[in-house]
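Both counts, for ligands and for their atoms, begin at 1 and track the order of listing. All heavy atoms count here, side chains included; hydrogens, waters and symmetry mates do not. For reference, positions follow the sequence shown, starting with 1.
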Amino acid sequence: MKYISTRGQAPALNFEEVLLTGLAPDGGLYVPQTLPTYSREEIASWANLSYTELAFKIIQPFVAESIPAADLKKIIDDTYVDFRHPAIAPLVQLGHNEWVMELHQGPTLAFKDFALQMLGRLLDYVLERNQRKVVIMGATSGDTGSAAIQGCKRCKNIDIFILHPHGRVSEVQRRQMTTVLGEKIHNIAIEGNFDDCQAMVKASFGAQQFLPQDRQLVAVNSINWARIMAQIVYYFYASLALGGPHRAVSFSVPTGNFGDIYAGYLAKQMGLPIEQLVIATNANDILHRLVSSNLYSKHPLQHTLSPSMDIVISSNFERLLFDCYDRDGTAINTLMSDFNKGDVKLKETAFEKARALFDSYAVDDAATVATISDVWESAEYLLDPHSAIGVKAARECRRNTTTPMITLATAHPAKFPDAVKQAGYPKEVPLPHHMADLFQREERYTVLPHDIAKVQQFMVANIKA
Ligand SMILES: *Cc1c(COP(=O)(O)O)cnc(C)c1O
């Protein structure tokens, strides 16, 4: 399988190359040139597979030219060993045909573990095979950084530098990053905000001469195709558990950068019967505004109770636009450069396609908290604020009660104690036992000013030979 850029100006890559790249040189994102598709009979034949067996079926065609089947099997088995629940992605019922799929059973209690545990193993495998070393540089407002560190902590060939805004991530989130100790793991607390961190990462990717000659930067944010690929699996797993593919199911997805729900869209394109895909956003609702009124416009960032969905633009949405514009890279190039200058409208046929594929709903902090209380009252089930947004949007958007509606529960409530407290939950939410001592563990991080030269100097001084 080859991967092509959404802007049509970059050479096609194979899986191994795409794994080691961030953005395409033309500024686009890589997508598979073609998708494998499956009949209902084929999908039905997977009904009894375990999560890891199913992951192998789904992922194998995407990587076949780069990774032999036996090696891929080992990578996948290893990817999910640190997940606490034997089902990996268990379903919990909230009401009649209303479900949540818990994607927070991984080591850092958020769904990003699904992709980043696999990314770490994939990178280690290809780097070891090629005797190469790389540098991971990423910015985080919380969940991505800890999942990336956990996913890559055992990698021999990766130095990892994660920037977070000093004093602006929750204590649980910070400790999940800073208590993973290793000579190749570096947490940098920047005296600035998340956008400052992200801007320095972006600028560093654009000018990598500061690195030693034999190194390059690798992206761990969801522009990396391998992350999307790993997330397709659980859509199939949920459907098969609830009577699919002979019956359609719907999904509601707490959405920020559009990586997670884009994987659901791909599952549908691959043949999985999905009736509705609901984009659930917080007050940062660029996608809801687009789907409801065909205006793609940036609003200032708002800080909400669901910080992992606080975005101004959703980077992966370009991958969907590419399909809505019939894979016309030139049109996407023009659209994105217009969007850099101001608000844009999609062309009518593209907008109709997007609107036929997705429902959307925006949930503010008050409704988020009310939903946490509601679900606790009715089902005695505690949602985190991101998952609560998913449940609320699902309830507002579902067209019938005969199709199972599955909300992706993207984080564990112990990660966001403030929102849970505001919802009137009377106790402390205990951390799962594997991290019960998180607040006693030794932390290690370096505070640096918002100064890219200083950050790069620090990196060069700490890259291991
Ligand atoms: C990252 C994240 C999201 C948003 O996922 P996207 O793929 O960026 O849309 C939602 N919830 C939680 C808890 C997250 O960490």
Side-chain angles (χ1 to χ4, degrees), residues 29 89 100-117 119 138-151 164 169-170 172-173 176-177 194 198 219-232 234-235 251-267 277-288 290-291 301 304-320 358 360 362-363 368 372 383-394 407-417 419-420:
L29 284 79
V100 296
M101 185 177 226
E102 292 186 337
L103 300 179
H104 53 63
Q105 298 285 347
T108 72
L109 313 183
F111 88 97
K112 290 184 173 71
D113 288 326
F114 276 82
L116 285 161
Q117 286 290 314
L119 185 69
T140 190
S141 54
D143 292 340
T144 303
S146 56
I149 288 169
Q150 280 289 343
H164 72 265
V169 300
S170 80
V172 174
Q173 288 181 318
Q176 281 187 322
M177 298 190 277
F194 172 64
Q198 204 165 34
V220 287
N221 55 10
S222 56
I223 61 171
N224 191 311
W225 160 257
R227 279 188 56 177
I228 307 285
M229 174 183 81
Q231 294 170 186
I232 300 170
Y234 44 73
Y235 289 90
F251 290 95
S252 174
V253 186
T255 294
N257 271 320
F258 200 75
D260 204 4
I261 195 165
Y262 176 69
Y265 158 78
L266 293 177
L277 280 169
V278 178
I279 300 170
T281 75
N282 63 21
N284 297 287
D285 60 350
I286 179 170
L287 292 180
H288 173 58
L290 175 73
V291 170
L301 187 76
T304 71
L305 290 174
S306 43
S308 304
M309 294 157 62
D310 289 348
I311 47 91
V312 175
I313 49 175
S314 303
S315 47
N316 280 290
F317 196 63
E318 182 170 336
R319 289 183 154 123
L320 181 82
F358 297 97
S360 70
V363 181
T368 305
I372 297 174
L383 292 164
D384 98 289
H386 305 79
S387 311
I389 287 171
V391 168
K392 174 69 174 167
T407 294
L408 303 189
T410 50
H412 190 286
K415 237 177 151 163
F416 300 97
V420 171

Test of proximity, [X] against ligand 1: N or O pairs below 3.5 Å:
{"X": "T255", "answer": "no"}
{"X": "G256", "answer": "yes"}
{"X": "N257", "answer": "yes"}

### Task
May I ask whether Y262 has any heavy atom positioned less than 4.0 angstrom from an atom of ligand 1?
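Heavy atoms of Y262 never come under 4.0 Å of ligand 1.
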
Short list, please: which atoms of ligand 1 are under 4.0 Å from a heavy atom of [X]?
{"X": "G259", "value": "6 (P), 7 (O), 9 (O)"}
{"X": "A411", "value": "13 (C)"}
{"X": "T410", "value": "10 (C), 11 (N), 12 (C), 13 (C)"}
{"X": "F258", "value": "6 (P), 8 (O), 9 (O)"}
{"X": "K112", "value": "1 (C), 2 (C), 3 (C), 14 (C), 15 (O)"}
{"X": "M309", "value": "10 (C)"}

Which atom pair, heavy atoms only, marks the closest approach of [X] to [Y]?
{"X": "A419", "Y": "P385", "result": "CB-CG, 3.6 Å"}
{"X": "H164", "Y": "V169", "result": "CD2-CG2, 4.0 Å"}
{"X": "P107", "Y": "Q117", "result": "CG-NE2, 3.4 Å"}

### Task
Mind checking side-chain contact (heavy atoms from CB on, under 4.5 Å) for A394 and listing every partner two or more places apart, or none if nothing turns up?
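So A394 forms a side-chain contact (heavy atoms from CB on, under 4.5 Å) with S252, M405, T407.
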
Using atom types as modelled, flag every donor-acceptor pair under 3.5 Å from a side chain in residues 258-267 to any protein atom, sequence neighbours excluded.
{"from": "D260", "atom 1": "OD1", "to": "Y234", "atom 2": "OH", "distance (Å)": "2.6"}
{"from": "Y265", "atom 1": "OH", "to": "D323", "atom 2": "OD2", "distance (Å)": "2.6"}

Give a yes or no on whether the backbone of [Y] and the side-chain of [X] come within a donor-acceptor separation of less than 3.5 Å.
{"X": "N257", "Y": "N316", "answer": "no"}
{"X": "H386", "Y": "S308", "answer": "yes"}
{"X": "D113", "Y": "T108", "answer": "yes"}

### Message
Heavy-atom distances under 4.0 Å decide this one: backbone, side chain, both or neither, for D260 against ligand 1?
### Response
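Within the 4.0 Å criterion, D260 contacts ligand 1 through backbone and side-chain atoms alike.
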
